[in-house]
Amino acid sequence: LLGLGHVGSAIAALALARPAALERTVSITCALVRDPGARVRQPGVPLTTNPRDVFEGGPEVIVEVIGGLDPARSLVLEALDRRIPVVTANKSLLARHGNELLTAARQAGVPLRYEASVIAGVPFLDTLARRPLASSLSSLSGILNGTSNYILSEMERGSDYRAALAEAQRRGFAEPDPSKDVEGIDALEKLTILLRQFTASDVSPDAIEVTGITRVSREDLVHARELGGVIKPVVHASWSGHEIDAFAGPAWVPRTHPLASLSGPTNGMRLCDGAGTALCFTGPGAGPRVTAITVLDDVIEATRGGWAPSPATGRARVSAPATRWLVRARGREPRPDVTSFGDRLASCGVGIERVSVGDACGRGTAWLLTHPCSRDRVEAAASTLAAAAGCDAFVLRTLEP
Ligand SMILES: NC(=O)c1ccc[n+]([C@@H]2O[C@H](COP(=O)([O-])OP(=O)(O)OC[C@H]3O[C@@H](n4cnc5c(N)ncnc54)[C@H](OP(=O)(O)O)[C@@H]3O)[C@@H](O)[C@H]2O)c1
(Lines give C-alpha, C1' and ligand atoms only; values in the text may rest on other atoms or scores of the structure.)
Protein backbone atom coordinates (compact mmCIF):
# COMPACT_ATOMS: atom_id res chain seq x y z
CA LEU A 1 0.00 0.00 0.00
CA LEU A 2 1.24 3.50 -0.86
CA GLY A 3 -0.67 5.48 1.79
CA LEU A 4 -2.49 4.36 4.92
CA GLY A 5 -4.93 7.23 5.47
CA HIS A 6 -8.72 7.06 5.25
CA VAL A 7 -8.88 4.79 2.22
CA GLY A 8 -5.64 2.88 2.87
CA SER A 9 -6.76 2.01 6.41
CA ALA A 10 -10.17 0.83 5.14
CA ILE A 11 -8.43 -1.35 2.53
CA ALA A 12 -6.16 -2.83 5.20
CA ALA A 13 -9.09 -3.45 7.57
CA LEU A 14 -11.11 -5.13 4.83
CA ALA A 15 -8.19 -7.28 3.65
CA LEU A 16 -7.35 -8.34 7.21
CA ALA A 17 -10.99 -9.24 7.91
CA ARG A 18 -10.79 -11.71 4.96
CA PRO A 19 -14.42 -11.45 3.87
CA ALA A 20 -15.71 -14.64 2.24
CA ALA A 21 -16.89 -12.60 -0.77
CA LEU A 22 -13.27 -11.77 -1.58
CA GLU A 23 -12.33 -14.84 -3.54
CA ARG A 24 -8.60 -14.54 -2.79
CA THR A 25 -6.70 -13.80 0.39
CA VAL A 26 -5.12 -10.37 0.27
CA SER A 27 -2.17 -9.69 2.56
CA ILE A 28 -0.63 -6.24 2.98
CA THR A 29 3.13 -6.67 2.76
CA CYS A 30 3.94 -3.07 3.67
CA ALA A 31 2.36 0.41 3.85
CA LEU A 32 4.17 3.63 2.95
CA VAL A 33 3.28 6.62 5.14
CA ARG A 34 4.73 10.07 5.81
CA ASP A 35 4.91 9.78 9.58
CA PRO A 36 4.25 6.41 11.32
CA GLY A 37 3.29 8.21 14.55
CA ALA A 38 0.90 10.64 12.88
CA ARG A 39 -2.32 8.72 13.50
CA VAL A 40 -3.79 5.58 14.99
CA ARG A 41 -2.81 2.77 12.61
CA GLN A 42 -4.44 -0.46 11.57
CA PRO A 43 -2.66 -3.21 13.60
CA GLY A 44 -0.94 -5.93 11.60
CA VAL A 45 0.30 -3.70 8.76
CA PRO A 46 4.10 -3.18 8.56
CA LEU A 47 4.81 0.54 8.10
CA THR A 48 7.62 2.29 6.28
CA THR A 49 8.60 5.76 5.20
CA ASN A 50 10.89 4.38 2.49
CA PRO A 51 9.23 3.45 -0.85
CA ARG A 52 12.02 0.87 -1.49
CA ASP A 53 10.57 -1.30 1.30
CA VAL A 54 7.25 -1.45 -0.57
CA PHE A 55 8.78 -2.24 -3.98
CA GLU A 56 11.28 -4.75 -2.66
CA GLY A 57 8.82 -6.64 -0.44
CA GLY A 58 7.67 -8.69 -3.45
CA PRO A 59 4.10 -7.36 -3.81
CA GLU A 60 1.87 -8.84 -6.53
CA VAL A 61 0.02 -5.51 -6.80
CA ILE A 62 0.77 -1.98 -5.61
CA VAL A 63 -2.15 0.16 -4.45
CA GLU A 64 -1.63 3.94 -4.60
CA VAL A 65 -3.85 5.79 -2.11
CA ILE A 66 -1.51 8.65 -1.22
CA GLY A 67 -3.47 11.19 -3.28
CA GLY A 68 -2.15 14.29 -5.09
CA LEU A 69 0.37 14.40 -7.93
CA ASP A 70 3.74 13.99 -6.24
CA PRO A 71 5.18 11.66 -5.13
CA ALA A 72 2.20 9.56 -6.36
CA ARG A 73 3.17 9.93 -10.03
CA SER A 74 6.82 8.93 -9.61
CA LEU A 75 5.93 6.02 -7.32
CA VAL A 76 3.34 4.66 -9.79
CA LEU A 77 5.85 5.02 -12.65
CA GLU A 78 8.46 3.18 -10.61
CA ALA A 79 6.02 0.35 -9.83
CA LEU A 80 5.13 0.00 -13.50
CA ASP A 81 8.79 0.12 -14.47
CA ARG A 82 9.31 -2.82 -12.11
CA ARG A 83 6.39 -4.58 -13.90
CA ILE A 84 4.18 -4.54 -10.82
CA PRO A 85 0.43 -4.03 -11.56
CA VAL A 86 -0.97 -0.85 -10.00
CA VAL A 87 -4.41 0.01 -8.63
CA THR A 88 -5.18 3.64 -7.76
CA ALA A 89 -8.15 5.71 -6.57
CA ASN A 90 -6.36 9.01 -7.30
CA LYS A 91 -8.46 11.10 -9.72
CA SER A 92 -6.09 14.10 -9.73
CA LEU A 93 -3.19 11.88 -10.77
CA LEU A 94 -5.25 10.15 -13.48
CA ALA A 95 -6.73 13.40 -14.81
CA ARG A 96 -3.33 15.11 -15.10
CA HIS A 97 -0.99 12.19 -15.91
CA GLY A 98 -3.33 9.32 -16.82
CA ASN A 99 -2.15 8.95 -20.39
CA GLU A 100 1.52 8.92 -19.43
CA LEU A 101 0.82 6.28 -16.76
CA LEU A 102 -1.36 4.14 -19.04
CA THR A 103 1.33 4.28 -21.72
CA ALA A 104 3.93 3.17 -19.16
CA ALA A 105 1.63 0.33 -18.07
CA ARG A 106 1.12 -0.75 -21.69
CA GLN A 107 4.90 -0.72 -22.29
CA ALA A 108 5.50 -2.73 -19.10
CA GLY A 109 2.73 -5.18 -20.02
CA VAL A 110 0.98 -4.84 -16.65
CA PRO A 111 -2.43 -3.35 -15.79
CA LEU A 112 -3.10 0.05 -14.26
CA ARG A 113 -6.64 0.00 -12.85
CA TYR A 114 -8.61 2.91 -11.34
CA GLU A 115 -12.24 1.87 -10.91
CA ALA A 116 -12.54 3.67 -7.52
CA SER A 117 -11.48 7.03 -8.96
CA VAL A 118 -14.96 7.79 -10.39
CA ILE A 119 -18.14 7.00 -8.39
CA ALA A 120 -16.08 4.85 -6.05
CA GLY A 121 -19.01 2.70 -4.89
CA VAL A 122 -20.25 1.78 -8.38
CA PRO A 123 -17.75 -0.20 -10.45
CA PHE A 124 -19.07 0.59 -13.93
CA LEU A 125 -15.90 1.32 -15.96
CA ASP A 126 -14.83 -2.30 -16.21
CA THR A 127 -18.43 -3.52 -16.71
CA LEU A 128 -18.94 -1.13 -19.61
CA ALA A 129 -15.56 -1.61 -21.22
CA ARG A 130 -16.31 -5.29 -21.71
CA ARG A 131 -19.55 -4.54 -23.64
CA PRO A 132 -19.83 -3.70 -27.34
CA LEU A 133 -22.08 -0.75 -26.34
CA ALA A 134 -19.00 1.09 -24.98
CA SER A 135 -17.74 1.86 -28.48
CA SER A 136 -21.08 3.38 -29.60
CA LEU A 137 -21.51 5.75 -26.66
CA SER A 138 -21.74 9.38 -27.70
CA SER A 139 -22.67 11.36 -24.59
CA LEU A 140 -22.62 11.29 -20.82
CA SER A 141 -24.19 13.34 -18.04
CA GLY A 142 -23.38 12.83 -14.40
CA ILE A 143 -23.37 13.99 -10.84
CA LEU A 144 -19.84 13.07 -9.78
CA ASN A 145 -19.31 15.13 -6.64
CA GLY A 146 -21.24 14.11 -3.53
CA THR A 147 -20.16 17.16 -1.51
CA SER A 148 -21.67 19.64 -3.97
CA ASN A 149 -24.79 17.54 -4.46
CA TYR A 150 -25.26 17.32 -0.68
CA ILE A 151 -24.82 21.09 -0.24
CA LEU A 152 -27.30 22.01 -2.99
CA SER A 153 -29.78 19.41 -1.67
CA GLU A 154 -29.55 20.94 1.83
CA MET A 155 -30.02 24.42 0.35
CA GLU A 156 -33.15 23.12 -1.42
CA ARG A 157 -34.41 22.13 2.03
CA GLY A 158 -33.90 25.64 3.39
CA SER A 159 -30.24 25.88 4.54
CA ASP A 160 -27.99 28.65 3.34
CA TYR A 161 -24.66 27.77 1.68
CA ARG A 162 -22.48 28.16 4.79
CA ALA A 163 -24.75 26.08 7.02
CA ALA A 164 -25.03 23.36 4.36
CA LEU A 165 -21.23 23.22 3.95
CA ALA A 166 -20.71 23.07 7.73
CA GLU A 167 -23.20 20.20 7.97
CA ALA A 168 -21.46 18.39 5.07
CA GLN A 169 -18.15 18.70 6.94
CA ARG A 170 -19.72 17.54 10.22
CA ARG A 171 -21.14 14.44 8.48
CA GLY A 172 -17.86 13.63 6.72
CA PHE A 173 -19.14 14.46 3.19
CA ALA A 174 -16.75 17.41 2.81
CA GLU A 175 -13.03 17.88 3.49
CA PRO A 176 -11.84 20.53 5.97
CA ASP A 177 -10.69 22.38 2.80
CA PRO A 178 -13.65 21.81 0.45
CA SER A 179 -12.39 24.02 -2.39
CA LYS A 180 -11.72 21.22 -4.92
CA ASP A 181 -15.28 19.97 -4.43
CA VAL A 182 -17.23 23.24 -4.37
CA GLU A 183 -15.17 24.84 -7.17
CA GLY A 184 -15.95 21.89 -9.45
CA ILE A 185 -12.35 20.63 -9.78
CA ASP A 186 -13.05 17.17 -8.36
CA ALA A 187 -15.94 16.60 -10.82
CA LEU A 188 -13.82 18.02 -13.67
CA GLU A 189 -11.01 15.55 -12.93
CA LYS A 190 -13.45 12.63 -12.95
CA LEU A 191 -14.98 13.84 -16.22
CA THR A 192 -11.47 13.92 -17.74
CA ILE A 193 -10.92 10.28 -16.73
CA LEU A 194 -14.26 9.23 -18.24
CA LEU A 195 -13.60 11.08 -21.48
CA ARG A 196 -10.24 9.39 -21.90
CA GLN A 197 -11.87 6.04 -21.41
CA PHE A 198 -14.95 6.57 -23.60
CA THR A 199 -13.44 8.64 -26.43
CA ALA A 200 -9.90 7.17 -26.42
CA SER A 201 -8.74 10.83 -26.43
CA ASP A 202 -6.05 12.41 -24.34
CA VAL A 203 -8.00 15.20 -22.64
CA SER A 204 -6.50 17.96 -20.52
CA PRO A 205 -8.75 19.04 -17.64
CA ASP A 206 -7.60 22.61 -18.35
CA ALA A 207 -9.39 22.48 -21.72
CA ILE A 208 -12.82 21.92 -20.14
CA GLU A 209 -15.09 24.71 -18.86
CA VAL A 210 -15.56 24.42 -15.11
CA THR A 211 -17.61 26.41 -12.60
CA GLY A 212 -18.34 25.85 -8.90
CA ILE A 213 -21.50 25.99 -6.80
CA THR A 214 -20.41 28.87 -4.54
CA ARG A 215 -22.48 31.54 -6.36
CA VAL A 216 -25.71 29.52 -6.38
CA SER A 217 -28.22 31.00 -3.91
CA ARG A 218 -31.30 29.64 -2.15
CA GLU A 219 -33.46 31.90 -4.30
CA ASP A 220 -31.91 30.40 -7.45
CA LEU A 221 -32.99 26.94 -6.29
CA VAL A 222 -36.55 28.10 -5.51
CA HIS A 223 -36.99 29.81 -8.89
CA ALA A 224 -35.30 26.93 -10.74
CA ARG A 225 -38.17 24.81 -9.38
CA GLU A 226 -40.76 27.33 -10.56
CA LEU A 227 -39.25 27.00 -14.02
CA GLY A 228 -39.75 23.22 -13.90
CA GLY A 229 -36.27 22.09 -12.90
CA VAL A 230 -33.68 21.79 -10.20
CA ILE A 231 -30.07 23.01 -9.95
CA LYS A 232 -27.57 20.14 -9.77
CA PRO A 233 -23.74 19.98 -9.85
CA VAL A 234 -23.30 18.14 -13.14
CA VAL A 235 -20.78 17.17 -15.77
CA HIS A 236 -21.84 16.76 -19.37
CA ALA A 237 -20.06 15.76 -22.56
CA SER A 238 -20.97 14.66 -26.06
CA TRP A 239 -18.46 13.55 -28.66
CA SER A 240 -17.74 12.34 -32.14
CA GLY A 241 -14.27 10.82 -32.48
CA HIS A 242 -11.82 13.15 -30.74
CA GLU A 243 -14.15 16.21 -31.04
CA ILE A 244 -15.70 16.79 -27.61
CA ASP A 245 -18.24 19.29 -26.23
CA ALA A 246 -18.03 19.35 -22.43
CA PHE A 247 -18.55 21.32 -19.25
CA ALA A 248 -18.57 20.76 -15.49
CA GLY A 249 -20.58 22.96 -13.14
CA PRO A 250 -23.96 23.65 -11.59
CA ALA A 251 -26.78 23.53 -14.14
CA TRP A 252 -30.55 23.83 -14.30
CA VAL A 253 -31.78 20.27 -14.92
CA PRO A 254 -35.37 19.61 -16.10
CA ARG A 255 -37.36 17.77 -13.44
CA THR A 256 -37.90 14.84 -15.82
CA HIS A 257 -34.17 14.17 -16.23
CA PRO A 258 -32.95 11.01 -14.38
CA LEU A 259 -30.25 13.04 -12.55
CA ALA A 260 -32.81 15.54 -11.18
CA SER A 261 -33.98 13.16 -8.45
CA LEU A 262 -30.49 12.28 -7.09
CA SER A 263 -30.06 14.13 -3.83
CA GLY A 264 -27.69 14.17 -0.85
CA PRO A 265 -24.21 12.73 -1.43
CA THR A 266 -25.46 10.27 -4.10
CA ASN A 267 -23.62 10.18 -7.42
CA GLY A 268 -25.04 9.18 -10.79
CA MET A 269 -24.09 8.74 -14.41
CA ARG A 270 -26.20 8.55 -17.56
CA LEU A 271 -24.54 7.28 -20.72
CA CYS A 272 -26.22 7.42 -24.13
CA ASP A 273 -25.46 6.08 -27.57
CA GLY A 274 -26.44 7.77 -30.82
CA ALA A 275 -29.58 5.62 -31.16
CA GLY A 276 -31.05 6.86 -27.88
CA THR A 277 -30.17 3.87 -25.70
CA ALA A 278 -29.40 5.15 -22.20
CA LEU A 279 -27.75 3.44 -19.25
CA CYS A 280 -27.85 4.84 -15.73
CA PHE A 281 -25.61 4.03 -12.77
CA THR A 282 -26.21 5.53 -9.32
CA GLY A 283 -24.65 4.97 -5.92
CA PRO A 284 -22.24 6.25 -3.31
CA GLY A 285 -19.42 8.29 -4.82
CA ALA A 286 -16.99 8.15 -1.92
CA GLY A 287 -16.44 6.98 1.64
CA PRO A 288 -13.45 4.91 2.77
CA ARG A 289 -15.32 1.61 3.02
CA VAL A 290 -17.06 1.64 -0.38
CA THR A 291 -13.84 2.88 -1.97
CA ALA A 292 -11.87 0.08 -0.29
CA ILE A 293 -14.28 -2.57 -1.61
CA THR A 294 -13.90 -1.32 -5.18
CA VAL A 295 -10.10 -1.04 -4.82
CA LEU A 296 -9.85 -4.63 -3.56
CA ASP A 297 -12.02 -5.76 -6.47
CA ASP A 298 -9.51 -4.06 -8.77
CA VAL A 299 -6.61 -5.72 -6.94
CA ILE A 300 -8.07 -9.14 -7.64
CA GLU A 301 -8.83 -8.24 -11.27
CA ALA A 302 -5.25 -6.96 -11.64
CA THR A 303 -3.87 -10.37 -10.64
CA ARG A 304 -6.13 -12.12 -13.15
CA GLY A 305 -4.60 -10.38 -16.15
CA GLY A 306 -7.96 -9.66 -17.84
CA TRP A 307 -9.18 -6.37 -19.33
CA ALA A 308 -7.23 -3.25 -18.41
CA PRO A 309 -7.72 0.40 -19.45
CA SER A 310 -5.76 1.55 -22.53
CA PRO A 311 -3.93 4.79 -23.29
CA ALA A 312 -5.55 7.35 -25.59
CA THR A 313 -5.18 7.01 -29.35
CA GLY A 314 -5.43 10.73 -30.18
CA ARG A 315 -5.58 14.21 -28.74
CA ALA A 316 -9.00 15.68 -27.86
CA ARG A 317 -10.32 18.91 -29.36
CA VAL A 318 -12.61 20.27 -26.63
CA SER A 319 -15.28 22.99 -26.98
CA ALA A 320 -17.95 24.31 -24.65
CA PRO A 321 -21.43 23.44 -25.94
CA ALA A 322 -24.27 25.84 -26.79
CA THR A 323 -27.03 25.23 -24.21
CA ARG A 324 -30.01 27.06 -22.79
CA TRP A 325 -29.08 29.27 -19.81
CA LEU A 326 -30.69 30.41 -16.60
CA VAL A 327 -29.94 34.12 -16.23
CA ARG A 328 -30.49 35.68 -12.80
CA ALA A 329 -30.90 39.47 -13.16
CA ARG A 330 -31.13 41.34 -9.87
CA GLY A 331 -32.19 44.98 -10.30
CA ARG A 332 -32.01 47.98 -8.00
CA GLU A 333 -35.76 48.37 -7.53
CA PRO A 334 -38.07 46.19 -5.40
CA ARG A 335 -39.86 45.03 -8.61
CA PRO A 336 -37.82 43.80 -11.57
CA ASP A 337 -38.53 45.32 -14.98
CA VAL A 338 -38.86 41.96 -16.69
CA THR A 339 -39.84 43.37 -20.08
CA SER A 340 -36.78 45.58 -20.21
CA PHE A 341 -34.51 42.71 -19.01
CA GLY A 342 -35.91 40.44 -21.76
CA ASP A 343 -35.61 43.18 -24.42
CA ARG A 344 -31.97 43.85 -23.52
CA LEU A 345 -31.06 40.18 -23.74
CA ALA A 346 -33.01 39.79 -27.02
CA SER A 347 -31.17 42.79 -28.49
CA CYS A 348 -27.93 40.83 -27.91
CA GLY A 349 -29.36 37.78 -29.70
CA VAL A 350 -30.43 35.85 -26.59
CA GLY A 351 -34.09 34.79 -26.78
CA ILE A 352 -36.14 34.12 -23.64
CA GLU A 353 -38.24 30.99 -23.17
CA ARG A 354 -39.66 31.36 -19.62
CA VAL A 355 -39.38 33.77 -16.70
CA SER A 356 -39.83 33.52 -12.95
CA VAL A 357 -39.98 36.69 -10.84
CA GLY A 358 -39.18 37.22 -7.18
CA ASP A 359 -36.73 38.97 -4.97
CA ALA A 360 -33.18 38.26 -3.86
CA CYS A 361 -31.61 40.21 -1.01
CA GLY A 362 -34.64 42.58 -1.04
CA ARG A 363 -34.13 43.51 -4.70
CA GLY A 364 -36.48 42.68 -7.55
CA THR A 365 -35.02 39.75 -9.42
CA ALA A 366 -35.93 37.85 -12.58
CA TRP A 367 -34.78 34.33 -13.49
CA LEU A 368 -34.88 34.05 -17.28
CA LEU A 369 -34.53 30.73 -19.11
CA THR A 370 -33.00 31.44 -22.51
CA HIS A 371 -32.94 29.72 -25.89
CA PRO A 372 -29.69 27.83 -26.64
CA CYS A 373 -26.60 29.95 -27.28
CA SER A 374 -22.87 29.97 -26.55
CA ARG A 375 -21.32 31.07 -23.24
CA ASP A 376 -19.67 34.05 -24.98
CA ARG A 377 -23.02 35.24 -26.28
CA VAL A 378 -24.95 34.90 -23.00
CA GLU A 379 -22.13 36.51 -20.99
CA ALA A 380 -21.91 39.44 -23.40
CA ALA A 381 -25.71 39.85 -23.18
CA ALA A 382 -25.61 39.64 -19.37
CA SER A 383 -22.89 42.35 -19.25
CA THR A 384 -24.92 44.59 -21.57
CA LEU A 385 -27.98 44.04 -19.36
CA ALA A 386 -25.99 44.79 -16.21
CA ALA A 387 -24.56 48.02 -17.66
CA ALA A 388 -27.84 49.27 -19.13
CA ALA A 389 -30.33 48.28 -16.43
CA GLY A 390 -28.05 48.67 -13.42
CA CYS A 391 -28.58 45.10 -12.31
CA ASP A 392 -26.14 42.33 -11.58
CA ALA A 393 -26.53 39.28 -13.76
CA PHE A 394 -25.35 35.73 -13.17
CA VAL A 395 -25.62 32.89 -15.69
CA LEU A 396 -25.98 29.16 -15.17
CA ARG A 397 -26.03 26.43 -17.81
CA THR A 398 -28.88 24.00 -18.33
CA LEU A 399 -28.55 20.26 -18.84
CA GLU A 400 -30.61 19.20 -21.84
CA PRO A 401 -32.66 15.95 -21.62
N1 LIG B 1 -11.69 9.42 0.97
C2 LIG B 1 -12.50 8.90 0.06
O3 LIG B 1 -13.68 8.59 0.33
C4 LIG B 1 -12.00 8.66 -1.35
C5 LIG B 1 -12.86 8.14 -2.33
C6 LIG B 1 -12.37 7.87 -3.61
C7 LIG B 1 -11.05 8.16 -3.90
N8 LIG B 1 -10.25 8.69 -2.93
C9 LIG B 1 -8.86 8.97 -3.27
O10 LIG B 1 -8.02 8.12 -2.49
C11 LIG B 1 -6.77 8.77 -2.25
C12 LIG B 1 -6.46 8.76 -0.76
O13 LIG B 1 -7.47 9.47 -0.06
P14 LIG B 1 -7.50 9.45 1.56
O15 LIG B 1 -8.76 10.15 1.90
O16 LIG B 1 -7.24 8.09 2.07
O17 LIG B 1 -6.24 10.41 1.88
P18 LIG B 1 -5.51 10.59 3.30
O19 LIG B 1 -6.41 10.19 4.41
O20 LIG B 1 -4.94 11.98 3.30
O21 LIG B 1 -4.30 9.55 3.29
C22 LIG B 1 -3.10 9.76 2.56
C23 LIG B 1 -2.06 8.74 3.01
O24 LIG B 1 -0.90 8.90 2.20
C25 LIG B 1 0.25 9.13 3.02
N26 LIG B 1 1.12 10.09 2.36
C27 LIG B 1 0.78 11.32 1.89
N28 LIG B 1 1.85 11.92 1.33
C29 LIG B 1 2.88 11.06 1.46
C30 LIG B 1 4.25 11.10 1.09
N31 LIG B 1 4.79 12.17 0.49
N32 LIG B 1 5.01 10.03 1.37
C33 LIG B 1 4.51 8.94 1.99
N34 LIG B 1 3.21 8.83 2.37
C35 LIG B 1 2.41 9.89 2.11
C36 LIG B 1 -0.28 9.68 4.33
O37 LIG B 1 0.67 9.41 5.35
P38 LIG B 1 0.38 9.76 6.90
O39 LIG B 1 -0.66 8.76 7.35
O40 LIG B 1 1.66 9.58 7.58
O41 LIG B 1 -0.15 11.16 6.92
C42 LIG B 1 -1.59 8.91 4.47
O43 LIG B 1 -1.36 7.65 5.05
C44 LIG B 1 -6.90 10.17 -2.87
O45 LIG B 1 -6.34 10.16 -4.16
C46 LIG B 1 -8.40 10.39 -2.95
O47 LIG B 1 -8.79 11.28 -4.00
C48 LIG B 1 -10.69 8.95 -1.68
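One-based numbering, in listed order, for ligands and for the atoms of each. Numbering of residues begins at 1 and proceeds along the displayed sequence.
- In terms of protein heavy-atom proximity, atom 19 (O) of ligand 1 is nearest to H6 ND1, 2.8 Å.
- Judged by distance alone, with hydrogens and angles left aside, the side-chain atoms of K190 form no donor-acceptor pair with the main-chain N or O of V235 at under 3.5 Å.
- On a distance-only criterion, G5 and ligand 1 share at least one N/O pair closer than 3.5 Å.
- Protein heavy atom closest to atom 12 (C) of ligand 1, with residue, atom name and distance, is V65 O, 3.3 Å.
- Taking every heavy atom of G67 and a limit of under 4.0 angstrom, the matching atoms of ligand 1 come to 44 (C), 45 (O).
- Which of E175, E64, R34, R39 comes nearest to atom 20 (O) of ligand 1 through a heavy atom is settled by distance: it is R39.
- Ranking the protein heavy atoms by distance from atom 43 (O) of ligand 1 puts L4 N, 2.8 Å first.
- Here the heavy atom of the protein found nearest to atom 25 (C) of ligand 1 is G3 CA, 4.0 Å.
- For G146 against N267, the heavy-atom pair with the smallest separation is N-ND2, 3.4 Å.
- A side-chain donor-acceptor contact under 3.5 Å links R106 and S310.
- A donor-acceptor distance shorter than 3.5 angstrom exists from the side chain of Q169 to the backbone of P176, with no hydrogens or angles considered.
- With rounding to the nearest 0.5 Å, the separation of CD in E379 from CH2 in W325 is 6.5 Å.
- Residue N90 touches ligand 1 through backbone and side chain together, judged by heavy-atom distances below 4.0 Å.
- Every atom of ligand 1 with a heavy atom of P71 under 4.0 Å away is listed here by number and element: 31 (N).
- Distance check: Y161 OH to S217 OG gives 13.0 Å after rounding to the nearest 0.5 Å.
- Across A116, A89, G121, heavy-atom proximity to atom 10 (O) of ligand 1 is greatest for A89.
- Of the listed residues (L2, V7, V33, L94), the one carrying the non-hydrogen atom nearest atom 34 (N) of ligand 1 is V33.
- Against a heavy-atom cut-off of under 4.0 Å, P288 is close to the following atoms of ligand 1: 3 (O).
- Heavy atoms of R41 found under 4.0 angstrom from ligand 1 belong exclusively to the side chain.
- The pair R73-E64 does not meet the salt-bridge criterion, since no charged nitrogen lies less than 4.0 angstrom from a carboxylate oxygen.
- A salt bridge links R130 and E301; the closest N-O separation between the charged side-chain nitrogens and carboxylate oxygens is under 4.0 Å.
- Those atoms of ligand 1 with a heavy atom of D35 less than 4.0 angstrom away are 40 (O).
- Salt-bridge annotation for E219 and R328: absent, with no side-chain N of the basic residue lying under 4.0 Å from a carboxylate O of the acidic one.
- Salt-bridge annotation for R225 and D220: absent, with no side-chain N of the basic residue lying under 4.0 Å from a carboxylate O of the acidic one.
- Side-chain contact between E115 and L125 is present, with at least one heavy-atom pair separated by less than 4.5 Å.
- Taking the six-membered ring where the residue is Trp, F247 and H236 present tilted rings, their angle falling between 30° and 60°.
- Taking a cut-off of under 4.0 Å to the non-hydrogen atoms of K91, the atoms of ligand 1 that pass are 6 (C), 7 (C), 8 (N), 47 (O).
- Residue G285 has no N or O atom closer than 3.5 Å to an N or O atom of ligand 1.
- For atom 5 (C) of ligand 1, the closest non-hydrogen atom on the protein side is T291 OG1, 3.2 Å.
- Of the protein's heavy atoms, I66 O, 3.5 Å lies nearest to atom 22 (C) of ligand 1.
- For atom 3 (O) of ligand 1, the nearest protein heavy atom (residue, atom name, distance) is G287 N, 2.8 Å.
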